[in-house]
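Take a look at the structure below.
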Amino acid sequence: MNVDLLSRPAEEVAPELLGSVLACKSSKGTVSIAITETEAYSGTADPASHAYRGRTPRNAVMFGPAGHLYVYRSHGLHWCANVVTGTDGIASAVLVRAGRVIEGEDLARRRRGEKVESPRLARGPGNFCQALGITAEHNGADLLLTGASVSLSEGESVPAALIQAGPRVGVSKAHDWQHRFYLAGDPTVSAYRLSPRAKPSAGA
DNA sequence: ATCACGATCTTT
DNA sequence: AAGATCGTGATG
């Protein structure tokens, strides 16, 4: 994966990450997942972004150089992972929402539960991280380092016609921004769900 | 009090 | 099918 590809605005990078592969190796083995759904979050101009109110200890990685992993805890029990994009010093990142397990499915299923169907192993940002084995220890990791425990690589290219854009999932602000990108008809893509607290907002 | 979640309930 | 509820803990 080329850092120049990631050093652009999140909403440009997000659709191009579809088909890319995140791999995570641990003592238990390696799981690789091809990304099928992403969401772009920018910095201070994006009301739904963690970086909207400026830099904090939690979101610091978002302000760093592209190609690193921003991991945060969601609602107390799930981990969510972002690929940091854009320029060093300016916050932006792409939330990885779903993917298809292409390596280490046994390990992924052990983590997620034996009765989970294959398409659902990495469906949803929390499930994606659980299947891949991402936790807080991976926050800030450089995804472009070869041989690192977690890394990002280019997968098979996906046909542009399959890439769809839509409103972001689960956010209470700026939910109508068309910053969610996914592969049309893919069973691993998470179901769209409007946030219960969503209010109308201006924006693209 | 809020929350970029997910599973499981309840009510149509 | 859609909406409500709750678990769980970091955050500011």
Side-chain angles (χ1 to χ4, degrees), chain A residues 9-15 17-18 22 33 35-64 68-86 90-99 101 108-140 164-182 187-201 203-204:
Chain A
E11 62 270 27
E12 292 182 21
V13 178
L17 281 181
L18 298 176
L22 267 175
I33 303 183
I35 299 170
T36 57
E37 180 186 1
T38 60
E39 269 176 14
Y41 287 89
S42 13
T44 52
D46 182 354
S49 171
H50 286 171
Y52 184 49
R53 284 162 224 283
R55 187 183 190 131
T56 69
R58 177 176 68 154
N59 64 27
V61 176
M62 272 187 85
F63 288 79
H68 290 244
L69 195 68
Y70 166 44
V71 180
Y72 70 95
R73 175 94 85 171
S74 169
H75 294 263
L77 61 156
H78 309 288
W79 298 106
C80 295
N82 300 248
V83 176
V84 175
T85 60
I90 298 175
S92 75
V94 173
L95 172 67
V96 181
R97 287 198 56 87
V101 177
R109 182 168 283 105
R110 234 171 290 143
R111 287 169 171 155
R112 289 273 294 115
E114 294 297 335
K115 65 185 177 91
V116 176
E117 307 285 331
S118 296
R120 309 191 72 204
L121 285 172
R123 176 169 144 169
N127 291 335
F128 186 99
C129 283
Q130 189 178 7
L132 194 54
I134 295 294
T135 65
E137 71 183 86
H138 301 287
N139 188 36
Q164 298 244 318
R168 294 187 289 196
V169 173
V171 299
S172 59
K173 288 167 285 201
H175 60 88
D176 50 345
W177 288 23
Q178 304 283 300
H179 277 12
R180 171 177 179 245
F181 302 90
Y182 56 96
T188 65
V189 172
S190 63
Y192 175 70
R193 179 173 147 28
L194 185 65
S195 167
R197 285 183 286 281
K199 296 168 198 159
S201 90

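So that the names make sense, note that chain A is the first sequence line, chain B the second, and so on, each numbered from 1. The basis for the numbers below is simple: all heavy atoms, side chains too, and nothing from hydrogens, waters or symmetry mates.
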Query raised in the report: Is any side-chain N or O of A/K173 closer than 4.0 Å to OP1 or OP2 of B/dC3?
Result: yes
Requested in this report: Give one of base, sugar-phosphate or nothing for A/R112, where a contact means two heavy atoms less than 4.0 Å apart.
Outcome: sugar-phosphate
Requested in this report: Classify the nucleic acid contact of A/N127 as base, sugar-phosphate or nothing, counting any heavy atom under 4.0 Å across all strands shown.
Outcome: sugar-phosphate
Report summary line: Rounding to 0.5 Å, atoms CZ (A/R180) and CD (A/Q164) come to a distance of 10.0 Å
**Report entry** Donor-acceptor pair (no angle test) under 3.5 Å: A/Y72 side chain, C/dA10 base
**Finding:** no
Report task. Starting at atom CG of A/L77, determine the distance to atom C1' of C/dT8, rounded to an integer number of angstrom. Result -> 5 Å
Report summary line: To the nearest angstrom, the CH2-P distance between A/W79 and C/dG7 comes to 20 Å
Query raised in the report: Given atom CD of A/E37 and atom P of B/dA4, what is their separation to the nearest angstrom?
Result: 16 Å
Report task. Send over the distance from A/Y70 OH to B/dA4 P, rounded to a whole Å. Result -> 10 Å
**Report entry** Residue pair A/V94 / A/F181, side-chain heavy-atom distance below 4.5 Å
**Finding:** no
Requested in this report: Using the six-membered ring for Trp and the full ring for Phe, Tyr or His, decide whether A/H75 stacks on the six-membered base ring of C/dT8 (centres under 5.5 Å, planes under 30°).
Outcome: no
Report summary line: Under a 3.5 Å limit on both distances, the Watson-Crick or wobble mate of C/dA4 is B/dT8
Requested in this report: Mind telling me whether A/H179 and A/W177 have parallel, tilted or perpendicular rings, with 30° and 60° as the class edges?
Outcome: perpendicular
Query - Interatomic distance where NE2 belongs to A/H175 and P belongs to B/dC3 [whole Å] - result: 13 Å
Report task. Please report, rounded to the nearest Å, how far the P atom of C/dT8 is from the CD atom of A/Q130. Result -> 15 Å
Query raised in the report: Hey, can you pull the residues of residues 40-60 of chain A with a non-hydrogen atom under 4.0 angstrom from DNA chain B?
Result: A/Y41, A/A48, A/H50
Requested in this report: Figure out the OH/P separation between A/Y182 and B/dA4, and round it to whole Å.
Outcome: 20 Å
Query raised in the report: Got A/N82 and A/M62 here, is their nearest side-chain heavy-atom distance under 4.5 Å?
Result: no
Query - Distance (rounded to the nearest 0.5 Å) between A/Y70 OH and A/S92 OG - result: 12.5 Å
Query - Crowding at CZ, A/R120 (>12 non-hydrogen neighbours, <6.0 Å) - result: no
**Report entry** Any side-chain heavy-atom pair of A/R168 and A/D46 under 4.5 Å
**Finding:** yes
